[in-house]
Amino acid sequence: MSDRSHNRLTRPETLTAVGIILIAAGFLVPTTDLRSISALLPAAMLIGLIVLALVLLVMDQRKAARAEAPVQMTQAPKRVAGAFLLILGYALACDFIGFYVSTAVTIPLVAFAFGYRNPLGLLVATGIVVGSIWLIFDFGMSQSFPAGRLWKD
């Protein structure tokens with residue numbers, strides 16, 4: 001019985017949820033220093049991430065209360081590591097070649113890394129995401145994203 005209470009807080013999904021909440025909250029604090037229009041997207045995404053992590057935490061603790069065994073976090077840790085490396089590369093690429101080009105390349109690469117192989121689906125999803133971002137922010141709100149160091153005059 002004491003083993004069950006010990007394992008309840010060290011379950012992989014619980015630790016992941018708590019980690020996401022702490023990191024997202026840490027990144028949320030600096031958004032208060034930004035102009036409201038600039039802070040809107042990062043704050044909304046971070047708040048959404050916190051809400052999803054809270055849902056994960058509650059669901060995992062309910063499983064723990066039913067004494068269900070914890071689930072291994074990933075069946076393919078190399079894929080997860082590769083996706084994180086792609087995201088790191090994406091952040092660097094945004095600085096060098098710009099936001100839109102980096103996003104158009106990274107979305108299908110991350111989806112492919114996680115096993116989605118339909119080329120038409122990858123193309124459509126990439127077009128929808130990049131097109132929506134352009135319509136909302138560049139066209140609708142007149143906010144420009146980084147063009148990258150290599151494209152500057």
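Surrounding CE of Met141 are more than 12 heavy atoms belonging to other residues, nucleotides or ligands, all under 6.0 Å away. The environment of Arg117 atom CZ is dense: over 12 non-hydrogen atoms of other residues, nucleotides or ligands sit within 6.0 angstrom.
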Requested in this report: Dump the intermediate steps for side-chain contact (heavy atoms from CB on, under 4.5 Å) on Tyr90 and Val105, then the final yes or no.
Outcome: CA-CA 9 Å; Tyr90 170 69; Val105 170; over 6 Å; no
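No chain of hydrophobic side-chain contacts below 4.5 Å, direct or via other Ile, Leu, Val, Met, Phe, Trp or Tyr residues, connects Ile128 to Phe137. If you chain together hydrophobic residues whose side chains sit under 4.5 Å apart, Ile136 and Leu40 never meet in one group. One hydrophobic cluster, built from ILVMFWY side chains closer than 4.5 Å, cannot hold both Leu56 and Leu22; they sit in different ones. Hydrophobic clustering (ILVMFWY, side-chain heavy atoms < 4.5 Å, transitive): Phe99 and Leu135 are in one cluster. In this structure, Met45 is a member of the same hydrophobic cluster as Val130, with clusters built from ILVMFWY side-chain heavy atoms closer than 4.5 Å.
A distance of 5.5 Å separates CH2 of Trp134 from CZ of Phe139, quoted to the nearest 0.5 Å. With values rounded to the nearest 0.5 angstrom, Ile20 atom CD1 is found 11.0 Å from Leu15 atom CG. From Ile50, atom CD1 reaches atom CZ of Phe27 across 11.5 Å, with rounding to the nearest 0.5 Å. Residue Ile21 holds its CD1 atom at 10.5 Å from CG of Leu52, rounded to the nearest 0.5 Å. Rounded to the nearest 0.5 Å, atoms CG (Leu122) and CG (Leu109) are 9.0 Å apart.
A donor-acceptor pair under 3.5 Å is absent between the side-chain atoms of Thr106 and the main chain of Thr103, judged by distance alone. Remark: side-chain polar atoms of Gln61 are paired, donor with acceptor, to backbone N or O of Arg8 under 3.5 angstrom. At least one donor-acceptor pair under 3.5 Å links the side chain of Ser102 to the backbone N or O of Ala93. Side-chain N or O atoms of Thr31 include one that pairs as donor or acceptor with a backbone N or O of Leu28 at under 3.5 Å.
Shown here for Thr126 and Pro108, the closest heavy-atom pair between the two residues is OG1-CD, 3.3 Å. Minimum interatomic distance between Leu49 and Ala24 (heavy atoms only, all atoms of both residues): CD2-CB, 4.1 Å.
Taking 4.0 Å as the cut-off between side-chain N and carboxylate O, Arg11 and Glu13 do not count as a salt-bridged pair.
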